[in-house]
Amino acid sequence: MDKNSQNIAFGGCPAFLPDEIDYWLNQGLYQEINTKFTGNNPSKIAFEGSIKRTHDLENLIRTDANVAATKEANINRCFISNLFSGTRMFFVDAVLNFGDNKANVKLITHADSLKFKKTHSNNPWIDIPVGTIHDNTLYIYYDDIKMNSDSYSVDITYVKFPTKVEDLPTTGMDEIPEYMQFEVVNRAVELALEDIESRRVQTKSQLNQLDE
């Protein structure tokens with residue numbers, strides 16, 4: 001990857017191979033999505049924190065409806081394993097389906113979840129089902145009386161993994177807006193400049209701080 005080696009650079013310019021270009025563009029794409037979802041960006045605005053941020057990722061939002069959940073015996077809890085399998089990248093929200101009813105699931109900490117767990121000394125009243133995520137599994141605690149059902153399913157909304165550059169259709173990078181495609185290229189250029197240790201990387205990084 002060192003483009004300063006003798007006989008590799010042509011005319012004083014880096015000679016990136018097609019696979020290397022795909023690599024940097026994919027890196028730029030993933031970093032742009034990560035920072036826009038988490039809020040680790042110059043404006044400090046996370047997913048759905050503004051109109052622009054919503055538009056940035058709207059074409060990557062998907063919902064898997066009626067995903068079967070496993071009901072645990074002797075406890076007011078069901079779960080979905082392999083939560084982040086397939087195309088799921090970031091969890092957004094979930095809706096618990098029980099009988100003919102639906103209820104939004106609120107994510108809480110593992111410490112707080114102990115208050116919602118049914119035991120011999122605790123039979124909690126749960127107005128809204130709550131959930132925790134660990135070991136690639138979504139655990140949902142529900143009210144054992146008013147939400148009791150023979151079976152449960154969950155509608156999972158998430159941010160999907162973007163299509164990699166080398167796998168894009170002929171229509172191009174349709175999963176993100178056109179203006180964000182330029183942001184991805186800017187990020188990829190910054191990463192590539194850093195790799196070849198060009199003095200331009202500092203200037204380019206400063207210019208990218210102005211993007212939003």
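From a predicted model like this one, the values you see are computed outputs, not experimental measurements.
Taking Asp112 as the reference, Thr109 meet the side-chain hydrogen bond (donor to acceptor under 3.5 Å, both in side chains) condition, with sequence neighbours excluded. In this structure, Asp143 has no salt bridge (charged side-chain N to carboxylate O under 4.0 Å, His left out) partners at least two apart in sequence or on a different chain. Residues passing the salt bridge (charged side-chain N to carboxylate O under 4.0 Å, His left out) test with Lys71: none are found, sequence neighbours excluded. The salt bridge (charged side-chain N to carboxylate O under 4.0 Å, His left out) search around Lys117 returns none, not counting sequence neighbours. With sequence neighbours excluded, the residues satisfying side-chain contact (heavy atoms from CB on, under 4.5 Å) with Pro177 are His55, Tyr179, Met180. Scored by the ring-ring contact (aromatic ring centres under 6.0 Å, His included) test, Tyr158 finds no partners at all (sequence neighbours excluded). With sequence neighbours left out, the side-chain contact (heavy atoms from CB on, under 4.5 Å) criterion links Asp174 to Thr171. Checked against salt bridge (charged side-chain N to carboxylate O under 4.0 Å, His left out), Asp93 has no partners two or more places apart in sequence or in another chain.
Hydrophobic cluster membership for Tyr139: Phe79 (Ile, Leu, Val, Met, Phe, Trp, Tyr linked by side-chain heavy atoms under 4.5 Å, directly or transitively). Within the hydrophobic cluster formed by Ile, Leu, Val, Met, Phe, Trp and Tyr side chains joined at under 4.5 Å, directly or through other members, Ile51 stands alone, with no partner residue. Cluster partners of Ile75: none. The rule joins Ile, Leu, Val, Met, Phe, Trp and Tyr whenever side-chain heavy atoms lie under 4.5 Å apart, and it links nothing here.
Using a cut-off of 4.0 Å between Lys/Arg side-chain N and Asp/Glu carboxylate O, Lys160 and Asp64 are scored as not salt-bridged.
Within the structure, the ring pair (Phe, Tyr, Trp, His ring centres under 6.0 Å) test picks out the following pairs touching residues 86-109 (sequence neighbours left out): Phe37-Phe90.
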